[in-house]
Amino acid sequence: MSINQSGWRPTSPEANTGNVPASITGNKALMLEEALIFEIGDGETTGVDFDTFGSPANAGAQGTKDSDHGPGFLRSQENKLGGLLRTAPIGLPGLSEPETVRHYTRLSRQNYGIDLGFFPLGSCTMKHNPRLNEKMARLPGFSDVHPLQPVDTVQGALEVIHQLAHWLVTLTGMTSVAMSPKAGAHGELCGILAIRAALEAKGEGARKIILVPESAHGTNPATAAFAGYSVEDIPATAEGRVDTAALKARLGPDVAGVMITNPNTCGLFERDMREISDAVHAAGGFVYCDGANFNAIVGRVRPGDLGIDAMHINLHKTFSTPHGGGGPGSGPVVFSEALTPYAPLPFVENQDGQFVLVEEETAGEHHAGSFGRMVAFHGQMGMFTRALTYILSHGADGLRQVSEDAVLNANYILRSLDDTLDAPFGPSGPCMHEALFSDSGLAAGFSTIDIAKGLIDEGFHPMTMYFPLVVHGAMLVEPTETESKAALDQFIAALRSVAERAKAGDPSLKTAPHFAPRARLDETLAARKPVLVWKDPAPLAQAAE
Ligand SMILES: *Cc1c(COP(=O)(O)O)cnc(C)c1O
């Protein structure tokens, strides 16, 4: 393959299939092939005319002061940058505006998203984001505010935070909420820091163990370790739940607390939660619940009734706001009465009709022992606005229906496919919001990855693979509540067909996907030796394919 001057790659003869030659552009009808921006742009082209930086020509130009752009300015910048001023061209590719727009639009057409089709990723709740959320989040009074603005100019924004806090506390049956954490994992850290502050205040800072069941999300042990605790595993039972007896047997004066994901990552509700909480409290510890799966129980179960002391809520999962590709997220943490004094700052308070941002360490009675701050400012305003819009537009009955429909859809998938795929916890009864299958029964040499790649050819984003770890070759499917029966039936038919090919050992499945812009990549090589810096077109052609 070579790259010619204007950037497109003439296709190689091997790309010809059957009697139909491949197009010389590499395009497949209106599905357009696209080179890297470095291949189509060059250092000479630009869509914008910039003055030459620091050139004598504009040093005295009309309307510019000498000191703005001239040699004096350059010298002052040099001083500020401590000798790090760039001396060579930056090497960015230049493109005209229409070329730039086309480049990114073409790339976006090779991407798959929740607005294109069904996105069955389990453990991540990729749900529809109603457009009303976006309309509200874009109101200038929410989108154009600055965190350092005087509070009397942002009363509406503070009221949104205050109202959302009220509904989160109401929906969870807890005492207070910290709004500032910026994702689920950040919320976990917030909860564990509050637990640590509470233990230290009681003179029990020597408790150094956090118990984490096998069925917990991977961020749980990572959080506990990051906060300086030693993590001990608690086994799962054969039916995919926490082994309550084993957990109780391990409690003692060295245990700071437990972190339990409920519903857990096997898609099951931890039925013994109340019993576990009582036992942990009796042993002097605290209960952290990973609430990322709140989508399955919102409106039906209040974590406060289960004896939980702290739980994060992923606004970007349960309350619909978009996420993916690393952000943005928002992970408010709700607290029990016992942990409320140690919750982080800041929080919003309504003082006689005025919304006030309480930022002082010596804050009111509720935050007397606050452990400090999680973030510089107040949290993710855009996510708050979307989540509150979602809550208010659904109402109490709507939120309950969301969780009921999410659970119904997951069970429909589980029961429609458990004759074809192995469902290890199928016999345990109904699942919650996600259905879990294993790779048991596939032909020798075939695994979950082949099913995932086959699904791509059928036009579906693959489900979550090889997680949770308690199941071999796990496939975790979360349909969410907004998928219609027709969409679920199409997905079920596709997954059934691909699974049957994997069971029959169809060799063409080993090289799927065949219809995607790129065939099967060497993912191990891509992960182990990622090529992140563009150098030269010739070696690049082999980099990822
Ligand atoms: C998504 C998720 C997390 C982590 O949340 P982030 O917002 O991605 O940091 C933690 N636990 C569970 C069960 C999750 O699904």
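Numbering of ligands and ligand atoms starts at 1, following listing order.
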Taken to the nearest 0.5 Å, the spacing of I210 CD1 from M259 CE works out to 7.0 Å
Minimal heavy-atom distance between E458 and S497, with the atoms involved, is OE2-OG, 4.4 Å
Scanning both residues in full, the closest heavy-atom pair of V375 with R373 reads O-NE, 3.0 Å
Tested for side chain to side chain contact (heavy atoms under 4.5 Å, CB included) against L476, the lone hit among P120, P468, C266 is P468
(request) Answer yes or no for K317: is there a heavy-atom contact with ligand 1 below 4.0 Å? (result) yes
Report yes or no: does S123 have a heavy atom closer than 4.0 Å to ligand 1?
yes
Taking 4.0 angstrom as the limit and counting only heavy atoms of [X], give me the atoms of ligand 1 inside it, by number and element.
| X | value |
| --- | --- |
| T261 | 13 (C) |
| T219 | 10 (C), 11 (N) |
| A292 | 2 (C), 11 (N), 12 (C), 13 (C), 14 (C), 15 (O) |

- Message: Once you measure the plane-to-plane angle for F319 and F294, does it fall in the parallel (<30°), tilted (30-60°) or perpendicular (>60°) bin?
- Response: perpendicular
Quick one: look up the protein heavy atom nearest [atom] and list residue, atom name and how far away it is.
| atom | value |
| --- | --- |
| atom 8 (O) of ligand 1 | H316 NE2, 4.4 Å |
| atom 11 (N) of ligand 1 | D290 OD2, 2.5 Å |
| atom 5 (O) of ligand 1 | N314 ND2, 3.0 Å |
| atom 6 (P) of ligand 1 | G184 N, 3.4 Å |
| atom 9 (O) of ligand 1 | A185 N, 2.8 Å |

* Asked: Within the distance-only criterion (no hydrogens, no angle test), does the side chain of H316 pair as donor or acceptor with the backbone N or O of S330 below 3.5 angstrom?
  -> yes
- Do V301 and L306 have side-chain heavy atoms sitting under 4.5 Å apart? yes
